[in-house]
Amino acid sequence: MQIYNTLTNSKEEFKPLNNNTVLMYVCGPTVYDLSHLGHARMGLVFDIIVRYLRYLGYNVNYTRNITDIDGKIVQKAMELKLTSEQISRYYANAFSKEMQALNTVSPDLEPKATDYLAQMIAFIEELIATNHAYVSSTGDVYFSCQTFKEYGKLAKKNINELLTGAREQVRSQDELSKYKRSPIDFALWKVCDIHETVWPSPWGLGRPGWNIECSTMIKHVLGETIDIHGGGEDLIFPHHENEIAQSECLHHKQLARFWIHNNFVNVKSQKMSKSLGNFTTINELLGSYSSDTIRLFVLQNNYRHPVDFSPSGLSAAKLAINRLVNSIQAIDPGITWPDFLKPKINEPNYNKFLPTKSQIQEFLNTLNIPTDFGQNFQLEFEEAMNNDFNTAIAISKLFNLSDQIQTSPDLKTKQNLAILLKIYAQVLGFTLVDESQKVPPSTALDLVNLIIELRNLSRSNKDFKQSDYIRDKLLSFGIEVMDSAKTTWKIK
RNA sequence: GGCGGCAUAGCCAAGUGGUAAGGCAGAGGUCUGCAAAACCUUUAUCCCCCAGUUCGAAUCUGGGUGCCGCCUCCA
């Protein structure tokens, strides 16, 4: 299994530190607004990583934090005259629902910054005690970047260049830099006096800096060294760089062995972002496209390359998904699925128990799948995924399989290959639910009216045999028809 | 300015030394009372430009052009 590591800018063989257990932490959302496609991409990329690692048999501890301390949350709360907690709870909830609607596996742990204040303060105190941090004349606490000689190793930045860059650029921060020993030092604790959302600390009322929460929660939830740390590419600098600095200064241990970063969703080759206002929310998207469609659209691209958002791209993905859904119809409806493959969508956390390779293999052995094709398929699928999660190739194998199903002359082969397709689509998180015959309520109303109209046509033709048949049939569906001057109906 | 990335058919996109995956659109066909859907077949002598290394390059090296991201909150 090769994974591209941002730390070394190269693909490396992945092995967890401790046997079979993978400790994985992903930077989650700051909950102050609805999420957009870009957040969905982050969710989907790490969803695939968790799914596939579990498929390989790893015991993955998937932790994704919720940032519920942030100036933007405070600002929104003031605008709406609500508390920060109300705002963050609302949007954390919305995010969780959206991620579920996208059929992503839920994190095992979802720590919130507000639950780790004491630990953050202790963390900062230790950094001060070891001279990696200092209290400025304003009372704010800063991390002293120059005490960490490896500062810049993740983002490949040279500390001197950062210093010159900062001097030229951050003119608006002149005020601030007077209190910092170095312009690149970042805040660990900021004192402030907005009543609503401040916490007491040895340095006075205030809020923790953004970077300290992840270092602290990783330490307390997962440990001092984790296997995988992930997030969006824009977090590399300064956020992840700063996490490394804080944690490694304190623990003298590597914070994360593999750093995985996903690229962005672009709109007309410009980054989709809140600040540019060119975003489409996940909810809007889910109104027009299924989770499978969105998933295909995202996963057809390499996760380290930008995806260009376009309605035509999504429509293409929608049609493509149809082909897989149609091929699945070849499955014998009488098949008995093993427990681990049964849909358990109504159970909470159903998707945490993902089938492993060996479970799938055991089941496939009971079927009579032509070994030449079936085994090649699995090998090629895994070869693709083992190469830094090359979902584009893995998906193309799904379409190859679909072609095999359609062109195979033998019914049993068709059925078995369709089972193979369904299982491996599931490994990639596709549901392949056939939604083509889902009748929306408004259409149901139109249908009843159409049948009443046709029945009235029979009645006016004095074809009472047919009109009675329709009335009885409708009644058996629970729809009572009443003929007066005008025919009416109601649900009985 | 520094660092990083990208440039492949009409469109999206994988491939990073051995002769171009996959999806959409297009073309032809099967099916069909008509229509639609579905399915099948087919579609790049070539991978931004120039020079070089090599038996062999889209893939490596050097140079150039264009686009994007990070360096400031952002997945």
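These values consider heavy atoms only, across backbone and side chains, with no hydrogens, waters or symmetry-generated copies.
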Give me the ring orientation class for [X] and [Y]: parallel if the planes are under 30° apart, tilted from 30 to 60°, perpendicular past 60°.
{"X": "A:His132", "Y": "A:Phe143", "result": "parallel"}
{"X": "A:Phe148", "Y": "A:Tyr151", "result": "perpendicular"}
{"X": "A:Tyr52", "Y": "A:Tyr55", "result": "parallel"}

Whole-Å C1' distance, B:C48 and B:G29: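 Taking atom C1' in both B:C48 and B:G29, they lie 38 Å apart.
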Separation of the C1' atoms in B:G18 and B:A13, to the nearest angstrom: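 Nearest-Å result for B:G18 against B:A13 at atom C1': 23 Å.
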Base-pairing mate for B:A20 - Watson-Crick or G-U, with both contacts under 3.5 Å: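 For B:A20, the partner nucleotide comes out as none, under the 3.5 Å rule.
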Who pairs with B:U53 - Watson-Crick or G-U, where each distance is under 3.5 Å: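 Across all strands, not a single nucleotide pairs with B:U53.
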Any side-chain N or O of [X] below 4.0 angstrom from OP1/OP2 of [N]?
{"X": "A:Asn326", "N": "B:C39", "value": "yes"}
{"X": "A:Lys156", "N": "B:G2", "value": "no"}
{"X": "A:His305", "N": "B:G69", "value": "no"}

From the list [options], which nucleotide is the closest neighbour of the side chain of [X]?
{"X": "A:Gln406", "options": "B:C39, B:G22, B:A75", "answer": "B:C39"}
{"X": "A:Lys72", "options": "B:A21, B:A75, B:C73", "answer": "B:C73"}
{"X": "A:Lys157", "options": "B:U16, B:C71, B:G22", "answer": "B:C71"}
{"X": "A:Arg323", "options": "B:A75, B:G22, B:C24", "answer": "B:C24"}
{"X": "A:Asn266", "options": "B:A75, B:A13, B:C68", "answer": "B:C68"}
{"X": "A:Asn390", "options": "B:G15, B:C74, B:G23", "answer": "B:G15"}
{"X": "A:Ser275", "options": "B:A75, B:C74, B:A21", "answer": "B:C74"}
{"X": "A:Gln270", "options": "B:A21, B:U41, B:G69", "answer": "B:G69"}
{"X": "A:Asn302", "options": "B:G2, B:A75, B:G15", "answer": "B:G15"}
{"X": "A:Phe264", "options": "B:G23, B:G15, B:A75", "answer": "B:A75"}

First encountered from the 5' end of RNA chain B, between A:Asn9 and A:Pro306: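 This one resolves to A:Asn9.
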Position toward the 5' end of RNA chain B (nearest nucleotide), A:Gly28 or A:Gly313: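 The residue closer to the strand's 5' end, by nearest nucleotide, is A:Gly313.
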Sugar-phosphate only, base, or nothing, as touched by A:Ala320 at under 4.0 Å among non-hydrogen atoms: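 Result for A:Ala320 = sugar-phosphate.
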Candidates A:Tyr4, A:Phe258, A:Phe389 - the one meeting ring pair (Phe, Tyr, Trp, His ring centres under 6.0 Å) with A:Phe14: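 Of the listed residues A:Tyr4, A:Phe258, A:Phe389, the ring pair (Phe, Tyr, Trp, His ring centres under 6.0 Å) partner of A:Phe14 is A:Phe258.
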Rounded interatomic separation in angstrom, taking CD1 from A:Ile184 and P from B:G2: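 Value for this atom pair: 19 Å.
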N/O donor-acceptor pair under 3.5 Å between A:Lys156 side chain and A:Leu7 backbone: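 Side chain of A:Lys156 to backbone of A:Leu7, a donor-acceptor pair under 3.5 Å: yes, one is there.
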Side-chain-base donor-acceptor pair under 3.5 Å for A:Lys271 and B:C68: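 In this structure, the two groups form no donor-acceptor pair.
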Contact check, side chains of A:Lys157 and A:Glu241, non-hydrogen atoms, under 4.5 Å: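 No, side chains not in contact.
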